[in-house]
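Letters go in sequence order (proteins before strands), and every chain restarts at 1. Note: hydrogens, waters and symmetry copies are ignored here, and every other heavy atom, side chains too, is used.
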Amino acid sequence: MALRVFNTLGRKLEEFTPLNPPRVGMYVCGPTVYGHSHLGHAKSYVSFDAILRWLRLSGYQVAYVQNITDVGHMTENDEDAGQDKLVAEARRRGLHPMAVAEIFTRSYFEDMDALNVLRPDISPRASGHIPEQIECARLLIEKGNAYVNNGSVYFDVASFWKYGRLSGRNVEEMEAGARVEVNPEKRKPADFALWKRAEPGHIMRWKSPWGEGFPGWHLECSVMSQKYIGVTLDIHGGGLENQFPHHECEIAQGECTTGQPFCRYWLHNNMVTLDGQKMGKSLGNSVCLKDLFSTTEPLRDRAGNILVEKSFEPAVVRHFILTSHYRAPLDFSNEALKGAEAGSYKLRDAVREIHKAALTRAVHAKSEPGAQATGSAAAATTLAPGATAPELGATARATGATALEQCSAAAKSDAVRTALTNVVRRFADAMNEDFNTAAAIATVFDFIRQTGTWVREGAPAEDLLAADALMQRLVGDALGLKWQDTAGGAAAEHERNALIQVLVDLRNDARKTKNFALGDQVRQRLAALGIELKDGPTGTTW
RNA sequence: GGUGGCGUGCCCGAGUGGACUAAGGGAGCGGAUUGCAAAUCCGUUUUUCAUGGGUUCGAAUCCCAUCGCCACCUCCA
């Protein structure tokens, strides 16, 4: 099944065909680094991360570029500067705006790393591409698409007939609409700035042919995407709210300078709400990711109502985001997060179970002469690092959609092979239909019911290894779910497990002699340390 | 005010004309298992898809109206 994506240009599902396969040039609007990332950022970048991962797993060589906007918003005298506490704080501490940008750029990557969002191949900074932006503005003036007025440069919207096509807007109608205030320097209200004259109080300023100033808000994306990807992007992603005017302006700038289509597929993610309401700093219900990941007390809104009662690990937040579609709005709430957490941990435990069982049985199979089948040893070798490395996403990334099919082919029994093939098909069908991660996760939940059965019933090592390999591909590589480790390094983990095993053995001895009081004491004291013992038919696990 | 979109069972959320007597997860309940418990497994909770009309042999899915919410028209993922 071919990949279909919902293209905002045309507003319908279209088969995805890159300009120069297997290469794909993908650009996603990055953050403006003036504050810590919040739930909205999480939804956006987790969504595009899933898209990126699926494209790569499908065999595309994706060049992924995402900007860092560090120009244009941090000004000394802007009216909204007073509302931005962080800029206010920066000023109070005497920090340069670039220092503020640096702080929040790092913060952004920290949060995204925690969410297991793959880093872009290139993260260009707007401030690092001023000459390119000046050149673009100059070229647009030369081509008759822009004009200079009093040290600023404006794009003449009337010169580009396609303006408004992406967002389905009619420039004439908008002019009829009541705008709050129209910059008198513009010929038409819909014209937008390519370069703005810097007023005396403006800190971030660069020399240009039109005097000192700074680039317009939309210019960086056109310039930097085309610089690193080429004149025509395959995919441009971003938040729904940026459709107009931001993306519309990007198209205008990009196409007027090159005469070529700017982007083939426009993908827009929807917004988050909190308890059904818009989330916003001004509303006092904004939840920032650092708080959500590590708070030790409930997060409250301005009125003191509890928004989130405890912290949730990044993988749970990621899991929750992926259970909805990227084009659908997602409502965060304490209850929803708790539900996602329970489900996510169920998945985590099942993924760990099949992994452990596969490795254990592979080792046993090796030690039994004659019992070793082809594939088993190789698979065990491939997966062996998984015993010590992070449990997911550590498998070597194969190219092509066949990466998933290879896993199922390695199974020994027909029944398991068929089951794995079905899982691959369902999962791929879901992802190929405009990246339906919710349906993909549903497939994985059905899959863990099967792997659980195979583990209990003692399926052959080859079957378990194949199932485990597929599970890691789906959950780790495609969905990017990587839960926190219970302990530090691999060695520490090993030692810790050995110690717990001693206590478990002692407890089981006590239970055999009906000394339940002692047995329960061991269990309770381990539970107090966060180690939960579970007695099953094949022994005690934790 | 204009434009685009959404509203699914107790909760979150897929599905968008017939395989839907609605995926998957959560929660509750019952059972299996267990010395107890947790986990796991099995079953169950909803003839129902904002509301009211309409089209159709047939609608959660299409049309109209109403209500609510979200986004954009001003920087915002």
Completion exercise
Numerically ordered, the residues 332-344 of chain A set in heavy-atom contact under 4.0 Å with RNA chain B is Ala336(A), Gly339(A), Ala342(A), Gly343(A)

Handout entry: Donor-acceptor side-chain pairing of Thr69(A) and Asn67(A) below 3.5 angstrom
Key = yes

Practice task
Please list all pairs passing the salt bridge (charged side-chain N to carboxylate O under 4.0 Å, His left out) test where one or both residues lie in residues 29-42 of chain A, with sequence neighbours left out.
Solution key: none

Problem - Nearest-Å distance for atom pair CG/C1', residues Asn242(A) and U74(B) - result: 13 Å

Handout entry: Test: Lys338(A) and Glu335(A) ion pair at under 4.0 Å
Key = yes

Problem - Residue whose closest nucleotide on RNA chain B lies nearer the 5' end, Ser324(A) versus His41(A) - result: Ser324(A)

Problem - Validation row: Gln253(A), Phe192(A) side chains within 4.5 angstrom (heavy atoms) - result: yes

Exercise for the section: Answer yes or no: is there a donor N or O on one side and an acceptor on the other, between the side chain of Lys162(A) and the main chain of Ile251(A), under 3.5 Å? Expected result: no

Practice task
Scan Gly452(A) against the nucleic acid and name what it touches under 4.0 Å (heavy atoms): base, sugar-phosphate only, or nothing.
Solution key: nothing

Practice task
To the nearest Å, give me how far apart CZ (Arg169(A)) and P (G1(B)) are.
Solution key: 17 Å

Exercise for the section: Give a yes or no answer on whether the side chain of Asn432(A) reaches the backbone of Ala2(A) with a donor-acceptor pair at less than 3.5 Å. Expected result: no

Please write out the pairs of protein N or O atoms and N or O atoms of nucleotides 5-8 of chain B separated by less than 3.5 Å, giving the distance to one decimal.
none

Practice task
In whole angstrom, give me the gap between the P atoms of C57(B) and U66(B).
Solution key: 28 Å

Exercise for the section: Can you sort out the partners of Lys12(A) under salt bridge (charged side-chain N to carboxylate O under 4.0 Å, His left out), two or more places apart, ordered by chain and number? Expected result: Glu14(A)

Handout entry: Phe445(A), nearest nucleotide to its side chain (from C75(B), A14(B), G25(B))
Key = G25(B)

Practice task
Would you tell me whether Gln472(A) and His355(A) have side-chain atoms, one donor and one acceptor, within less than 3.5 Å of each other?
Solution key: yes

List, with names and distances, any nitrogen or oxygen atoms from the protein found under 3.5 Å away from nitrogen or oxygen atoms belonging to nucleotides 35-45 of chain B.
unit_1 : atom_1 : unit_2    : atom_2 : d
G35(B) : O6     : Arg511(A) : NE     : 3.3
G35(B) : N1     : Asp520(A) : OD1    : 3.3
G35(B) : N2     : Asp520(A) : OD2    : 3.2
C36(B) : O2     : Arg523(A) : NH2    : 3.1
C36(B) : N3     : Arg523(A) : NH1    : 2.9
C36(B) : N4     : Arg523(A) : NH1    : 3.4
C36(B) : N4     : Asp535(A) : OD2    : 3.3
A37(B) : N6     : Asp535(A) : O      : 3.3
A37(B) : N1     : Asp535(A) : N      : 3.4
A37(B) : N3     : Arg523(A) : NH1    : 3.3
A38(B) : O2'    : Glu532(A) : OE2    : 3.4
A38(B) : N1     : Asp535(A) : O      : 2.8
U40(B) : O2'    : Arg456(A) : NH1    : 3.3

Completion exercise
Picking from C72(B), G15(B), A77(B), the nucleotide nearest the side-chain atoms of His325(A) would be G15(B)

Exercise for the section: Return the orientation label for the His41(A) and His38(A) ring planes: parallel under 30°, perpendicular over 60°, tilted otherwise. Expected result: tilted

Practice task
Sequence neighbours left out, what passes salt bridge (charged side-chain N to carboxylate O under 4.0 Å, His left out) with Arg327(A)? Give chain and number order.
Solution key: Asp434(A)

Fill in the blank from the handout: To the nearest angstrom, the CG-P distance between Leu267(A) and A77(B) comes to 18 Å

Problem - Those residues that, when tested against Glu532(A), pass salt bridge (charged side-chain N to carboxylate O under 4.0 Å, His left out) (two or more places apart) - result: none

Exercise for the section: Not counting sequence neighbours, list each pair that qualifies as a salt bridge (charged side-chain N to carboxylate O under 4.0 Å, His left out) and has a residue in residues 239-250 of chain A. Expected result: none

Problem - All side chain to side chain donor-acceptor pair (under 3.5 Å) counterparts of Asp113(A), not counting sequence neighbours - result: Arg119(A)

Exercise for the section: For residues Tyr265(A) and His236(A), establish whether the separation of their ring centroids is below 6.0 Å. Expected result: no

Practice task
Classify the nucleic acid contact of Gly40(A) as base, sugar-phosphate or nothing, counting any heavy atom under 4.0 Å across all strands shown.
Solution key: base

Problem - Phosphate OP1/OP2 of C69(B): any Gln277(A) side-chain N/O under 4.0 Å - result: no

Practice task
Select base, sugar-phosphate, or nothing to describe what His38(A) touches, counting heavy atoms under 4.0 Å on all strands.
Solution key: base

Exercise for the section: Check salt bridge (charged side-chain N to carboxylate O under 4.0 Å, His left out) between Asp505(A) and all other residues, then give those that pass, not counting sequence neighbours. Expected result: none

Exercise for the section: Give Val272(A) one of three labels, base, sugar-phosphate or nothing, depending on what nucleic acid heavy atoms sit under 4.0 Å from its own. Expected result: base

Handout entry: Under-4.0 Å salt bridge between Arg523(A) and Asp520(A)
Key = yes

Practice task
Take the protein atom CZ of Phe6(A) and the nucleotide atom P of G4(B), then report the distance between them rounded to whole Å.
Solution key: 13 Å

Practice task
Check the distance between C72(B)'s P and Glu248(A)'s CD and give it to me in whole angstrom.
Solution key: 15 Å

Practice task
Identify whether any heavy atom of Phe48(A) sits under 4.0 Å from a base atom; if not, whether one sits that close to sugar-phosphate; answer base, sugar-phosphate or nothing.
Solution key: nothing

Exercise for the section: In whole angstrom, give the distance that lies between atom CG of Leu13(A) and atom P of U16(B). Expected result: 9 Å

Shorter than 3.5 Å, N or O on both sides, protein versus nucleotides 17-23 of chain B: list them out with atom names.
none

Practice task
For Tyr345(A) and G25(B), give me the distance from atom OH to atom C1', rounded to whole Å.
Solution key: 15 Å

Completion exercise
The nucleotide from A14(B), A77(B), C70(B) with an atom nearest the side chain of Lys278(A) is C70(B)

Exercise for the section: Decide salt bridge (Lys or Arg N to Asp or Glu O under 4.0 Å) for Asp477(A) and Arg53(A); before the verdict, give the C-alpha distance in whole Å, the side-chain angles of both, and the deciding distance to 0.1 Å. Expected result: CA-CA 7 Å; Asp477(A) 292 348; Arg53(A) 285 168 179 269; 5.5 Å; no

Handout entry: Dot-bracket encoding per residue of RNA chain B, Watson-Crick/G-U cut-off under 3.5 Å, | denoting interstrand
Key = ((((((((.[[[..)..(.....]]]((((((.......))))))....[[[[[..)....]]]]])))))))....

Problem - Heavy atoms of other groups near Arg11(A) CZ, more than 12 under 6.0 Å - result: yes

Practice task
Specify the separation, in whole Å, of atom CZ of Phe435(A) and atom C1' of A14(B).
Solution key: 17 Å

